[in-house]
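Here is the structure we will look at, set down as structure tokens.
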Amino acid sequence: MNTYATLPIEISHGEGSYLYDINDKKYIDFTSGIGVNSLGYNNALWKEAITSQLNSFQHLSNIFSNGSTIALAKKLTELSGMSKAFFANSGAEANECAIKLARKYSFNKYGQGRGTILSLKQSFHGRTLATLTATGQDKFHNYFFPFPEGFDYVIANSISDLKEKLTSDVCAIMMEAIQGEGGVHPLDKDFVLEACKLAKDNDVLVIFDEVQCGIARTGNLFGYNSFNITPDIVTCAKGLGAGLPIGAVLCNENLSTTLVPGDHGSTFGGNPVVCAGGLSVLNQLCNTDSYNEIIYKGEYIKQSILNENIKIVKDVRGLGLMLGIEIYGYSSIIQNKALEKGLLVLTAGKNVIRLLPPLNITMEDVKTGVDTLVSVLS
Ligand SMILES: Cc1ncc(COP(=O)(O)O)c(C=O)c1O
């Protein structure tokens, strides 16, 4: 269907942080499939992990347990300090599960009438009907009526608005540590701390949507780690799969028995091949050395652009290798000019260029990409 505005190139293959088109033109990739290909292309350890699982079995129904899915759940819960994991196939699906989990927790404790999910304005949570409704941007709330009920929106970083919206029907508040699609906006720490306190005082669950900023992207396991808080529910997807489809929902001990057999499920969720790849991602990227490198490279990119004092650059923000460059002018023009010069970048709205390079990109490749970007912006 006519759902995507595609760029005018056709890719033939990738290697490391580079993609090659069918005419053998080489591009440095600062997009990684919108934050998905966290290990770049042709990563040997990841390929070995998934092919080794393929050689045993490719799929079992979730009525059988299997070592690969359990190993990923174990590693994710160990790294995060959360209690349990549920696996889905995408970010939207993970968020659907988080919404169901929060509503059932509240129903079990308080009965009906306490199912409202608060999310933030400018957020993005997915394309299914519930997650589209949770997405706090009016432009997405069109055409597909009727939308499900039980959602309300808080102005990001406004405690007074949160207090107003935190009525007795609310069961959870959902947020992204860095709003990705909404323009690469990190939340204020003070807001997050106060929101978590208010939520705790009212037995309202805190859900962090880490689909775009999670799994080492910001130089930590999750974006919320920079606030030193612990959510009740965390969702992740994209970079966890490194190119194979996955979504994951993590919950704390308090919620670990809320969903029971028959409440939720997924045919493909927890696919053993995908989970074997996910474990390889965590093993390669989720450690202190890798986090430090991601932070260092992100800062290098940020400072290199700021140091040039480029006229059209208004702001450079973000954390680790999730960066947004707000410009005076259209980001799509820069995106196309960069592409001509062999650099792939993303946009996040009309005026923001978004960079999500592979997380194992070499410093040499970072420098090459930044030089090209600076020359295009200049
Ligand atoms: C923060 C966030 N949540 C959810 C989603 C939806 O994920 P998916 O496209 O895998 O359904 C996205 C996708 O961009 C996202 O950035």
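Both counts, for ligands and for their atoms, begin at 1 and track the order of listing.
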**Prompt:** Looking just at side-chain N and O atoms, do Asn37 and Tyr41 make a donor-acceptor pair shorter than 3.5 Å?
**Reply:** yes

**Request:** Let me know which of Ile327, Thr347, Val376 forms a side-chain contact (heavy atoms from CB on, under 4.5 Å) with Ile353.
**Result:** Ile327

**Request:** Give a yes or no on whether a salt bridge exists between Glu78 and Lys74, defined as a side-chain N under 4.0 angstrom from a carboxylate O.
**Result:** yes

**Asked** Between Glu299 and Lys302, is there a side-chain N and carboxylate O pair less than 4.0 Å apart?
**Response** yes

Expected list for residues 360-370: side-chain donor-acceptor pairs under 3.5 angstrom, two or more places apart:
residue: Asn360; atom: ND2; partner: Leu39; partner atom: O; Å: 3.1
residue: Thr362; atom: OG1; partner: Asp365; partner atom: N; Å: 3.1
residue: Thr362; atom: OG1; partner: Asp365; partner atom: OD2; Å: 3.1
residue: Asp365; atom: OD1; partner: Tyr18; partner atom: OH; Å: 3.3
residue: Thr368; atom: OG1; partner: Glu364; partner atom: O; Å: 2.9

**Prompt:** Taking any residue with a non-hydrogen atom under 4.0 angstrom from an atom of ligand 1, which ones do you get?
**Reply:** Ser90, Gly91, Ala92, Asn95, Phe124, His125, Gly126, Glu176, Glu181, Asp209, Val211, Gln212, Lys238

**Message:** Tell me if the centroids of the rings in Phe145 and Phe147 come within less than 6.0 Å of each other.
**Reply:** yes

